[in-house]
Amino acid sequence: DLSVPNETVGEQCNRPQDCRGRSWCGPGSLDWPQMCRQAVPGRWRITAVSGEVEEFREDGTPWDEDGNRAPDPMVRFFFPDGQPEDTPIEADNFFPAWNHSFEAHLTPFEFINACVYEADANERLELFRCFSFHGLEVFEIFQEGGQRTWRFNPGEDGGRLNELTLRFE
């Protein structure tokens, strides 16, 4: 159980030396500022910041059939409640900068899947890559500054996504 003991949630931190370490508030919470705030489970703002995709499909062909070689990437997030959240499509872009935010309720051990797709003119989706993270990982990323770039090696594992940057607030 990662819930914060009742005696620390909302408790004031009166001595500055007690407020420096995140451990003062207990697991799954932050001292925010000088007061414990339960972080997981909780509501978070997730931003798909940017990405980088491979220049060609795995078979060496261009992404778009319309003669443009650049793909039209988008990110779709899948949550345990079954409601996906999509970024806008970044047309003709190897280096999409979505900067698209939404809010989601995260729990410690439920996984969120982030999948990056090529969206073609016929609204078909071709997968670049999917990966998963959970609420406690989001909490750790937040403690480290709130943003993380995942880097992948498409040549070794077949995905066509080089990197994806997400921010958590």
Side-chain angles (χ1 to χ4, degrees), residues 1-4 9-10 22 25-55 57 63-64 68 70-154 157-169:
D1 179 22
L2 294 173
S3 61
V4 180
V9 172
R22 300 235 186 264
C25 289
S29 65
L30 294 170
D31 47 5
W32 190 279
Q34 297 184 341
M35 182 175 285
C36 291
R37 171 182 170 243
Q38 190 162 340
V40 179
R43 196 138 189 89
W44 289 80
R45 175 178 294 280
I46 300 172
T47 303
V49 178
S50 61
E52 179 184 329
V53 298
E54 284 288 291
E55 191 171 348
R57 285 188 166 98
W63 287 108
D64 282 348
N68 187 333
D72 307 315
M74 62 163 287
V75 183
R76 177 169 287 166
F77 293 89
F78 295 94
F79 295 93
D81 68 5
Q83 293 297 317
E85 177 73 34
D86 293 349
T87 66
I89 295 168
E90 281 283 311
D92 303 325
N93 204 327
F94 292 112
F95 303 94
W98 299 282
N99 288 310
H100 176 76
S101 298
F102 59 93
E103 291 189 3
H105 182 80
L106 303 180
T107 61
F109 298 112
E110 289 182 329
F111 281 87
I112 298 100
N113 295 309
C115 298
V116 181
Y117 295 96
E118 146 71 359
D120 69 13
N122 298 321
E123 298 185 12
R124 290 181 313 194
L125 298 178
E126 183 177 336
L127 182 64
F128 286 124
R129 169 180 305 284
C130 283
F131 69 100
S132 300
F133 54 92
H134 55 77
L136 281 182
E137 188 174 1
V138 168
F139 179 69
E140 291 167 5
I141 294 166
F142 180 78
Q143 289 182 307
E144 296 166 0
Q147 184 165 300
R148 178 175 289 172
T149 299
W150 282 266
R151 291 184 173 80
F152 307 100
N153 189 342
D157 57 22
R160 306 312 291 162
L161 179 67
N162 293 330
E163 66 180 49
L164 177 65
T165 300
L166 302 177
R167 184 173 51 246
F168 303 95
E169 304 170 281

message: Checking L164 against R129 for the side-chain contact (heavy atoms from CB on, under 4.5 Å) test, could you report, in this order, the C-alpha distance in whole Å, the side-chain angles of both residues, the deciding distance, and whether it holds?
response: CA-CA 10 Å; L164 177 65; R129 169 180 305 284; over 6 Å; no

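A70 and F94 get closest at one heavy-atom pair: CA-CZ, 3.6 Å. The shortest heavy-atom contact between D72 and D92 is OD1-N, 2.6 Å. The nearest pair of heavy atoms linking E90 to A97 is OE2-O, 3.7 Å. Nearest approach of W98 to P88, heavy atoms of both residues: CD1-O, 3.1 Å. The two atoms that bring F111 and S132 nearest to each other are CD2-CB, 3.8 Å, heavy atoms only. Shown here for D86 and H100, the closest heavy-atom pair between the two residues is O-NE2, 3.3 Å.
Atoms CH2 and CD, from W44 and E103 in turn, are 12.0 Å apart once rounded to the nearest 0.5 Å. Taking CE from M74 and CG from N93, the interatomic distance works out to 14.5 Å, rounded to the nearest 0.5 Å. Here the straight-line distance linking atom NE2 of H105 with atom CZ of R43 works out to 8.0 Å at 0.5 Å rounding. Note: F139 CZ to E144 CD = 10.5 Å, rounded to the nearest 0.5 Å. Atoms CZ and OG1, from F102 and T87 in turn, are 9.0 Å apart once rounded to the nearest 0.5 Å. Here the OG1-CD distance, from T149 to E52, works out to 10.5 Å after rounding to the nearest 0.5 Å.
With contacts defined as side-chain heavy-atom distances shorter than 4.5 Å, the pair V53/E118 does not qualify. T47 has its side chain out of reach of L166: every pair of non-hydrogen atoms, C-beta onward, lies at least 4.5 Å apart.
Ring geometry for W150 against F131 counts as tilted: the plane angle lies between 30° and 60°, on a 0 to 90° scale. Under the 30°/60° scheme for interplanar angles, the aromatic rings of F77 and F133 are found to stand perpendicular.
Using a cutoff of 4.0 Å between basic side-chain nitrogens and carboxylate oxygens, R57 and E126 are scored as salt-bridged.
For F128 and F152, the gap between ring centers reaches or exceeds 6.0 Å.
Among E137, E140, E163, the one residue that satisfies the salt bridge (charged side-chain N to carboxylate O under 4.0 Å, His left out) test with R148 is E137.
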